[in-house]
Visitor: 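Before we start, here is the structure in question, set down as structure tokens.
Throughout, residue positions are numbered sequentially from 1 according to the sequence presented. All heavy atoms count here, side chains included; hydrogens, waters and symmetry mates do not. For ligands, and for the atoms within them, numbers begin at 1 and follow the listed sequence.
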Amino acid sequence: MTVSSAPGKVYLFGEHAVVYGEPAVPCAIELRARVEVNRRDDGKLRVHAEDLSLDGFTVEYSGTTDDRPDVNVSESLLSAATEYVDEAIEQVRAVTGEDDVGFDVTIESDIPLGAGLGSSAAVVVAAIDAATRELGTTLEPVELAERAYRTEYEVQDGQASRADTFCSATGGAVRVEGDDCRSIDAPDLPFVIGFDGGAGDTGQLVAGVRTLREEYDFAEDTVETVGDLVRAGEDALADGDLEELGQLMDFNHGLLSALGVSSRSLDRMVWAARDAGALGAKLTGAGGGGCIVALDPTPETETALSFTPGCEDAFRAELAEEGVRQLE
Ligand code: PMV
């Protein structure tokens, strides 16, 4: 038996603009997916997924994705439990040369699904790490990140960015620009997350920004301004200047709103965080619904969010210095 855990992430800055070649800074957070694998000699894959964010709902299936049970659970949970793991195991077979190996895989995740916190990347990174180790192979974080990226690329029909998988594999703060991902220094970042219980449609939101950018110069300028802001954010990170970081997060949220990817519940949570004294707050990920991230070393923002209408869950999630790790 081998067990690995990998962190989720928030975007400190730069989502959406990163699609047009601007830099972005995702940060790993101490909210993790754990994957246990046991080798099987019959070549079958059996997945058991326990999504703690969905009250421990369990889905099991054996064999290939075509054998999925006909149960009424969210498509994203099934995806996390089956398609992602199927493809992750294909990558494991390719990298180890063990073409016929099978596994029992058990997933437990604290990360809300499809809410901008990198849930699928964390599952994929932990699954590849655990399964390769189970076969006696240890991948370096960068190679692991590459295999995990290929997994997401296959499952998401080519619509994957390297940010989530790299961040989950390496931990810490990451700078992404095009295909170039690298770890950067960051101080302790007192993140507070607010979750509205929903999820945005990433494909639709990305398409919306694309259309806006084609139609209006202001949208093209806004995307470029996000890039400038990310560069300023990198300096603030290097200086450990939390106040500056918070202010830049506020600016970034305003620019994302202008690009049409915020929502009433995200705006409400952002304002609740600011009113509670957070240093800054913004949506994280594709937007449309899901999560905001605020910066607050005090307990005030978490408390305020827990009383905010439309906020289903509020919690602290410190920067995860460590990426994927073997637990057993
Ligand atoms: O919602 P997430 O965490 O998958 O982030 C999407 C980030 C975008 O920049 C909107 C899209 C992308 O592929 O980079």
Visitor: Compute the shortest N/O to N/O distance between Ala286 and ligand 1 and return yes if it is under 3.5 Å, no if not.
Guide: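 The answer is yes, given that Ala286 and ligand 1 share an N or O pair closer than 3.5 Å.
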Visitor: Which is it for Leu205 and ligand 1 at heavy atoms under 4.0 Å: side chain, backbone, both or neither?
Guide: neither
Visitor: Regarding Glu134 and Arg40, does a basic nitrogen lie under 4.0 Å from an acidic carboxylate oxygen?
Guide: no
Visitor: Could you tell me which atoms of ligand 1, counted from 1 in the order shown, lie closer than 4.0 angstrom to a heavy atom of His16?
Guide: 8 (C), 9 (O), 10 (C)
Visitor: A cation-pi test, strictly: NZ or CZ of Arg213 under 6.0 Å from the centre of the six-membered ring of Tyr20 and no more than 45 degrees from its axis. Yes or no?
Guide: yes
Visitor: Under a 3.5 Å cutoff, is there a donor and acceptor pairing between the side chains of Thr2 and Glu328?
Guide: no
Visitor: Identify, by atom number and element, the atoms of ligand 1 in contact range of Glu15, meaning under 4.0 Å from any of its heavy atoms.
Guide: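 This gives 9 (O) as the contact atoms.
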Visitor: Hey, is Asp250 close enough to Arg274 for a salt bridge, meaning N to O under 4.0 Å?
Guide: yes
Visitor: Using a strict 4.0 Å threshold on nitrogen-to-oxygen distance, state whether Glu322 and Arg325 make a salt bridge.
Guide: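 Yes.
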Visitor: Quick one: nearest non-hydrogen protein atom to atom 4 (O) of ligand 1, plus distance?
Guide: Asp164 OD2, 4.0 Å
Visitor: Do me a favour and list the nearest non-hydrogen protein atom to atom 14 (O) of ligand 1 with residue, atom name and distance?
Guide: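 Its nearest protein heavy-atom neighbour is Val18 CG1, 3.5 Å.
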Visitor: Do you reckon Val10 sits in the same ILVMFWY cluster as Ile292, going by side-chain contacts under 4.5 Å, direct or chained?
Guide: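 No, no single cluster joins them.
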Visitor: In the protein, which heavy atom is nearest to atom 13 (O) of ligand 1, and how far is it?
Guide: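 The closest heavy atom on the protein side is Ser161 CB, 3.6 Å.
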Visitor: Below 4.0 angstrom from a heavy atom of Gly116, which ligand 1 atoms are there? Numbered from 1 as shown, please.
Guide: 1 (O), 3 (O)
Visitor: Is it true that the NZ or CZ of Arg162 lies under 6.0 Å from the centre of Tyr149's six-membered ring and within 45 degrees of the ring axis?
Guide: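 Geometry flag: set, cation within 6.0 Å and 45°.
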Visitor: What atoms in ligand 1 come closer than 4.0 Å to a heavy atom of Gly285?
Guide: 1 (O), 2 (P), 3 (O), 5 (O)
Visitor: Between ligand 1 and Lys9, is the shortest N or O to N or O distance under 3.5 Å?
Guide: yes
